[in-house]
Number of protein chains: 2
Amino acid sequence: MFSIGELSRRTKVKVPTIRYYEEMGLLPKAARTSGNQRRYDTAGLERLSFIRHARDLGFSIEAISSLIELQEHPDRSCETAAVIARSQLAEVRAKIKRLKTLEKELSRISKGCNGAGVSEDCYVLASLADHTLCDREH
Amino acid sequence: MFSIGELSRRTKVKVPTIRYYEEMGLLPKAARTSGNQRRYDTAGLERLSFIRHARDLGFSIEAISSLIELQEHPDRSCETAAVIARSQLAEVRAKIKRLKTLEKELSRISKGCNGAGVSEDCYVLASLADHTLCDREH
DNA sequence: TATACGATCTCTAGTAACTAGAGGTTCAAG
DNA sequence: CTTGAACCTCTAGTTACTAGAGATCGTATA
């Protein structure tokens, strides 16, 4: 049995975040000492590692909730897990696509101004003021 | 002079968002009719188009504030604008990089499970539970 | 001119996923 | 037994909006 601080150190998840996850129902309510402090065992550690890893991969709290529910019913079909993972992947791909468009446009805008001039003639400001100066849609 | 609804239609920025921008100081306080409704002219339209465009490119409200302040002093050096644009570009590039790593990992995880099996043997869940199954850092 | 009705007003609260801070208690080492 | 780090709960703040309630305004039509 170890404290919340120890759990935090082992998982690299901050203490207030652990409490937040408990409140959100991602972590079960922790056992308490007689003085009301939280105590965890390896089950808690594993659960939090799972959450941490999923968050790192960009899964939402809600998605993680579903995944955990599934974990707790080993006999259930894992179709939901597959769907969640695929949709996360699709989202990530969509974000990449959009960001690449932005990157091109920002790079073009940025190249147009070295910061040496005066704001009146600034290409950055002109580009933002007038969308028609843009190469592509975004 | 036109109403907030008309401005919204012309800029594709929602009415509550326009009011929010005014509150945040991105837009100057609008003129009012005797009945307290906001009225705008082409200056307001141009300002909001600028904001909209910058938001589309991912600039934060704070960054846009700085850019607008600069716009209002045409004699000032545009170095700040150049810095803001470059840092936005750097952020976008960093996000792309990170997302590409995630994409590879998610794609790997997703391929390992077709959703046909049972949650106990699910590769998605196993991968999330055990980081050491991962190909790379993320 | 009266009425209807969509547009507008302000204000509060909610979203996601935390983070920060106040004010008070507990644990463990010395 | 004292001390101080770690812990507790609670509230509020972050970003950039969005939603809803309840009231008022503006204008087209009868």
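Throughout, protein chains are lettered first and strands after them, A, B, ... in sequence-line order, and every chain is numbered starting at 1.
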task: Remember a base hit wins even if backbone is also touched, and classify B/Y21 as base, sugar-phosphate or nothing at under 4.0 Å, heavy atoms.
output: sugar-phosphate
Atom-to-atom span, CZ of B/F2 to P of C/dA7 - whole angstrom: 17 Å
- prompt: Between D/dA16, D/dC7, C/dA17, which nucleotide gets closest to the side-chain atoms of B/R55?
  reply: D/dA16
- prompt: With respect to the side chain of A/Q37, which nucleotide from C/dT26, C/dT10, D/dG26 is positioned closest?
  reply: C/dT26
query: Within a reach of under 6.0 Å around CD of A/E6, are more than 12 heavy atoms found that belong to other residues, nucleotides or ligands?
result: yes
field: Atom-to-atom span, CD1 of B/I64 to P of D/dT15 - whole angstrom
entry: 13 Å
query: Can any side-chain N or O of A/S8 pair as donor or acceptor with the backbone N or O of A/I4 at less than 3.5 Å?
result: no
message: If you only use heavy atoms from C-beta on, which nucleotide in D/dC7, D/dC25, C/dC27 is closest to the side chain of A/S34?
response: C/dC27
- request: Check the distance between C/dC11's P and B/E22's CD and give it to me in whole angstrom.
  value: 12 Å
message: How many whole angstroms separate atom CG of B/L27 from atom C1' of D/dA16?
response: 14 Å
query: Nearest of D/dC17, D/dC7, C/dA7 to any side-chain atom of A/S3?
result: D/dC7
message: Between A/E22 and A/R19, does any NZ, NE, NH1 or NH2 come within less than 4.0 Å of an OD or OE carboxylate oxygen?
response: no
task: Indicate whether OP1 or OP2 belonging to D/dC7 is found under 4.0 Å from a side-chain N or O atom of A/R38.
output: no
- prompt: So, for B/D56 and A/R98, which heavy atoms are closest and what is the spacing to 0.1 Å?
  reply: O-NH2, 2.8 Å
- prompt: Are A/K95 and B/E103 close enough for a salt bridge, meaning some N to O gap below 4.0 Å?
  reply: no
field: Whole-Å distance separating the CD atom of B/E23 from the P atom of C/dC9
entry: 13 Å
message: I want to verify a distance call: between C/dC27, C/dT8, C/dT19, whose nearest atom is closest to the A/T17 side chain?
response: C/dT19
statement: Sorted by position of nearest nucleotide on DNA chain D, 5' first, the leading residue of B/S60 and B/N36 is B/S60
- prompt: Over how many whole Å does the gap from A/E6 atom CD to D/dA5 atom P extend?
  reply: 18 Å
- request: Write down the distance between CZ (B/R52) and P (D/dA16), rounded to a whole number of angstrom.
  value: 16 Å
query: Does atom CD of A/E23 have more than 12 heavy-atom neighbours from other groups under 6.0 Å away?
result: no
Residue B/R19, side-chain atoms from C-beta onward, closest of C/dT10, D/dC7, C/dA17: C/dT10
- request: Answer with base, sugar-phosphate or nothing: what part of the nucleic acid does A/R32 contact at a heavy-atom distance below 4.0 Å?
  value: sugar-phosphate
field: Options D/dC17, C/dA17, D/dT9, nucleotide nearest the side-chain atoms of B/Y20
entry: D/dC17
message: Among C/dT8, D/dG26, D/dC17, which nucleotide has an atom closest to any side-chain atom of B/T33?
response: D/dG26
- prompt: Reckon A/K14 has a side-chain N or O less than 4.0 Å from the OP1 or OP2 of C/dT19?
  reply: yes
field: Distance, rounded to the nearest Å, where A/M24 contributes CE and C/dA17 contributes C1'
entry: 9 Å
